[in-house]
Amino acid sequence: MIGRTMPEGVWLNNLSIDSHNGIGIVGTSKSEDLVYDFVRYLSQVPLLKNVNLVGQKPIRLRDELAIRFDISCHSSLGKPSAERKASGD
């Protein structure tokens, strides 16, 4: 789902999901514009809500400037399956 929304020139470094359906995305991009495009694309994914660009900063990647970004959002699906089992749902 998320991979389909990534513009060329954007790479994921880390994807995490917490027990409350919170999703954290850390990645690298060739430009700030591509980061904004990625956030806009994620905002259009029906299963995601509250998509926010938490931060971004310039970094050097193989002698080129790049942008490291951090995005947070939530899944609109129910509880993660491990939590459903623990609660008896």
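What you are looking at is a predicted structure, and each value in this text was computed from that prediction instead of being measured. Residue numbers start at 1 and run along the sequence shown.
In terms of modelled atom types and a separation under 3.5 Å, the side chain of N52 and the main chain of V54 share no donor-acceptor contact.
Side-chain contact check for F38 versus S29: every heavy-atom pair is 4.5 Å or farther apart. Residues I23 and N21 are not in side-chain contact: their nearest non-hydrogen atoms beyond the backbone lie 4.5 Å or more apart. I59 is not listed as a side-chain neighbour of I67, based on a closest heavy-atom distance of 4.5 Å or more.
To the nearest 0.5 angstrom, L47 atom CG is 10.5 Å from C73 atom SG. The CD1 atom of I17 sits 11.5 Å away from atom NE2 of H74, with the distance rounded to the nearest 0.5 Å. Here CG of D37 is found 11.0 Å from CG of L42. Values are rounded to the nearest 0.5 Å. Expressed to the nearest 0.5 Å, how far CG of L61 lies from NZ of K30 amounts to 10.0 Å. Between atom OG of residue S16 and atom CD1 of residue I25 there is a gap of 8.5 Å, rounded to the nearest 0.5 Å. Annotation: the span from N50 atom CG to S75 atom OG amounts to 11.0 Å, rounded to 0.5 Å.
Listed by chain and number, the residues in a side-chain hydrogen bond (donor to acceptor under 3.5 Å, both in side chains) with T28 are N13, R68 (sequence neighbours excluded). A search for side chain to side chain contact (heavy atoms under 4.5 Å, CB included) contacts involving L53 returns V35, Y36, V39, Q56, F69, I71, not counting sequence neighbours.
Of all heavy-atom pairs between P46 and S76, the closest is O-OG, 3.6 Å.
In the hydrophobic clustering of ILVMFWY residues, with side-chain heavy atoms under 4.5 Å counting as a link, L15 and V45 come out together.
By the neighbour-count criterion of 12 heavy atoms within 6.0 Å, atom CD of Q44 is densely surrounded, having more than that number from other residues, nucleotides or ligands.
Each salt bridge (charged side-chain N to carboxylate O under 4.0 Å, His left out) pair with one or both residues in residues 45-63, not counting sequence neighbours, would appear here, but there are none.
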